[in-house]
Amino acid sequence: MQIEQVSLTDETMSVSLLNYGAVTQGWWLDGTPLILGYENPQDYLTDPYYLGAIVGRVANRLGGGQFELHGICRKLDANEGENTLHGGSVGLSRQFWTIRQIAPNEAVLNYLSPDGEGGFPGNVDFQVRVLLHSPCLTYEIKATPDQATPISVAQHNYFCLGSKLGASDLRVGVASNQFLEIDEAGIATGMRRDATEIGVGSPADQPSVDAEQDIDHFFVFDPKTQRRPVATITAKTGLRLNVYSDQPGAQVYTGGHLSHPFPRNGGVCVEPSGYPNAVNVPGFPSVIHTPDNPYYQKLTLKIERGRD
């Protein structure tokens, strides 16, 4: 299959989408890049960073590359040592989706993941609706399985907000006082820790993350957040991103593994999803979905000007 590209526009904003990996290749405000991306779409075929992709079926790290469901042990594609990262080497970010532009500012992507892909049970019909309504970019993600199976998807933009220096120019706020403990392989253990243990401060409005640290942790959102942003990124350029999500938390990653053609820590990811490794941790909220309980996620990214 060939890579297809669709452009969305609304007022002074524009977005470029690809059918490969349901990737958001670019998002611009008055020509200013808000996320990292490759100019050549072909570069996404070998991209190791999941730039702008929809990742899953199960985002984040799944310990031991396996899980048990209804008494059956499911062996998965282990693509990070013995563990499975972002659905494995044949996850959603490595697939060609169908893409259809339905309005100048709206597109829909679809992918049917077959039973057994990456080791996961069941056929799953995925749909991603992308709507650009300046100053907001919204993703609606739906997934309908034909049997019980884990689904927990994340959108993987690297936000730079016009900065060429990345994290050193960005301040990240998270509506959270807890993060999930991980082992040496980055697998969630089931324990929650106080966010101050990894240098998350606590200003009056929202705890903040030092974006120059090598942060790669899942933060549990404060349930009192309601209509407030679950996370913010503020740049020295004067731009501010507000993240609104219906998910219970997000992986915050400050790009410590980025390298050429991008600077190390060149962008910050805020990846709302279900709890990582939830299929192996009984105390975590379930990510199992069924035909009667399909998957849904709504993510809205809003840009504001002139705040610091």
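No hydrogens, no waters, no symmetry mates; every other heavy atom, side chains included, goes into these values.
Note: the hydrophobic cluster containing L18 does not contain L109 (ILVMFWY, side chain heavy atoms under 4.5 Å, direct or indirect links). In this structure, F67 is not a member of the same hydrophobic cluster as V281, with clusters built from ILVMFWY side-chain heavy atoms closer than 4.5 Å. Hydrophobic clustering keeps V23 apart from L299 (ILVMFWY residues linked when any side-chain heavy atoms are closer than 4.5 Å, directly or through intermediates). Criterion: ILVMFWY side-chain heavy atoms under 4.5 Å apart, direct or through other members. Under it, L29 and V268 are part of a common hydrophobic cluster. Linking ILVMFWY residues whenever their side-chain heavy atoms come closer than 4.5 Å, directly or via other members, places L92 and I151 in the same cluster.
Note: I303 CD1 to W27 CH2 = 4.0 Å, rounded to the nearest 0.5 Å. The CD1 atom of I187 lies 12.0 Å from the CG atom of L180; values are rounded to the nearest 0.5 Å. Distance check: R61 CZ to D216 CG gives 5.0 Å after rounding to the nearest 0.5 Å. Here the straight-line distance linking atom CG of L161 with atom OG1 of T32 works out to 10.0 Å at 0.5 Å rounding. Taken from CG in N105 to SG in C136, the straight-line distance is 12.0 Å, to the nearest 0.5 Å. Within the model, atoms CG of L85 and CG of L76 stand 12.5 Å from one another, a figure rounded to the nearest 0.5 Å.
Residues A188 and P276 come closest through the heavy atom pair CB-O, 3.7 Å. Scanning both residues, G65 and T84, for their nearest heavy atoms gives CA-OG1, 3.4 Å. The minimum heavy-atom distance linking K164 with P263 is given by the pair O-CG, 4.1 Å. Here the shortest heavy-atom pairing between R57 and G122 reads NH2-O, 2.7 Å. Of all the heavy atoms in G64 and N83, the pair that sits closest is N-OD1, 2.8 Å. Listed here is the closest heavy atom pair of L258 and G266: CD1-N, 3.7 Å.
In this structure, Y44 has its ring center under 6.0 Å from that of Y38. Aromatic rings of Y50 and H86 (six-membered ring for Trp) have centroids within the 6.0 Å cut-off, being under it.
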Problem set entry | Intermediate values then yes/no, side-chain hydrogen bond (donor to acceptor under 3.5 Å, both in side chains), S93 and Y20 | CA-CA 7 Å; S93 60; Y20 181 73; over 6 Å; no

For this session: List the steps, then state whether side chain to side chain contact (heavy atoms under 4.5 Å, CB included) holds for L51 with Y158.
Result: CA-CA 7 Å; L51 255 73; Y158 286 76; 3.7 Å; yes

For this session: Dump the intermediate steps for side chain to side chain contact (heavy atoms under 4.5 Å, CB included) on N110 and V108, then the final yes or no.
Result: CA-CA 7 Å; N110 292 92; V108 174; 3.5 Å; yes

For this session: Start with the C-alpha distance between L45 and I3, add both sets of side-chain angles, then the distance that settles side chain to side chain contact (heavy atoms under 4.5 Å, CB included), and finish with yes or no.
Result: CA-CA 9 Å; L45 297 173; I3 295 181; 4.0 Å; yes

For this session: Evaluate the criterion side chain to side chain contact (heavy atoms under 4.5 Å, CB included) for residue pair L36 and C160; output intermediate values, then yes/no.
Result: CA-CA 7 Å; L36 300 181; C160 62; 4.1 Å; yes

For this session: Apply the test side-chain hydrogen bond (donor to acceptor under 3.5 Å, both in side chains) to residues S163 and D169: give CA-CA distance (whole Å), side-chain angles for both, the deciding distance (0.1 Å), then the verdict.
Result: CA-CA 7 Å; S163 170; D169 266 0; 2.9 Å; yes

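Contact annotation: the side chain of V55 never approaches that of Q155 to less than 4.5 Å [non-hydrogen atoms, C-beta and beyond]. Contact check for D214 versus N265: side-chain heavy atoms found under the 4.5 Å cut-off. Here the side chains of I233 and R171 are not in contact, with every heavy-atom distance at 4.5 Å or above. Between Q147 and D115, the closest side-chain pair of non-hydrogen atoms falls below 4.5 Å. A heavy-atom distance below 4.5 Å is not found between the side chains of E304 and P135. In this structure, the side chains of N242 and Y244 come closer than 4.5 Å at one or more pairs of heavy atoms. Side-chain atoms of P121 and R74, non-hydrogen and from C-beta on, do get closer than 4.5 Å to each other. Between I182 and T189, every side-chain heavy-atom pair lies at or beyond the 4.5 Å cut-off.
Residues Q178 and D194 bring no donor and acceptor atom of their side chains to less than 3.5 Å of each other. A donor atom on one side chain and an acceptor atom on the other are found under 3.5 Å apart for Y139 and T24. A donor-acceptor contact under 3.5 angstrom links the side chains of N123 and D146, judged on distance only.
For D10 (side chain) and S134 (main-chain N/O), a donor-acceptor pair under 3.5 Å exists by modelled atom type. Between the side chain of N157 and the backbone N or O of F159, no donor-acceptor pair lies under 3.5 Å. Judged by distance alone, the side chain of D43 and the main-chain N or O of D47 form no donor-acceptor pair under 3.5 Å. Formation of a donor-acceptor pair under 3.5 Å by the E181 side chain with backbone atoms of G190 is not found in this model. A donor-acceptor pair is defined here as one N or O able to donate and one able to accept, closer than 3.5 Å; such a pair exists between the side chain of N19 and the backbone of E4. Judged by distance alone, the side chain of T254 and the main-chain N or O of G256 form no donor-acceptor pair under 3.5 Å. Within the 3.5 Å criterion, the main-chain N or O of G118 finds no donor-acceptor partner in the side chain of D77. No side-chain donor-acceptor contact under 3.5 Å links S7 to the backbone of S16. In this structure, the side chain of S176 does not engage the main chain of F221 through any donor-acceptor pair within 3.5 Å. E117 contributes no side-chain N or O that, together with a main-chain N or O of G91, makes up a donor-acceptor pair within less than 3.5 Å.
Relative orientation of the F219 and H217 rings is perpendicular, given thresholds of 30° and 60° on the angle between their planes. Ring geometry for F262 against Y49 counts as perpendicular: the plane angle is over 60°, on a 0 to 90° scale with 30° as the lower cut.
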Under 3.5 Å, which donor-acceptor pairs do the side chains of residues 125-133 form with other protein atoms, sequence neighbours left out?
from: R129; atom 1: NE; to: E106; atom 2: OE2; distance (Å): 2.5
from: R129; atom 1: NH1; to: E140; atom 2: OE1; distance (Å): 2.7
from: R129; atom 1: NH2; to: E106; atom 2: OE2; distance (Å): 3.0

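Among residue pairs with one or both ends in residues 273-292, those qualifying as side chain to side chain donor-acceptor pair (under 3.5 Å) are R192-Y275, N277-N280; sequence neighbours excluded.
Within 6.0 Å of atom CD in E68, more than 12 heavy atoms from other residues, nucleotides or ligands are found, so the atom counts as buried in its surroundings.
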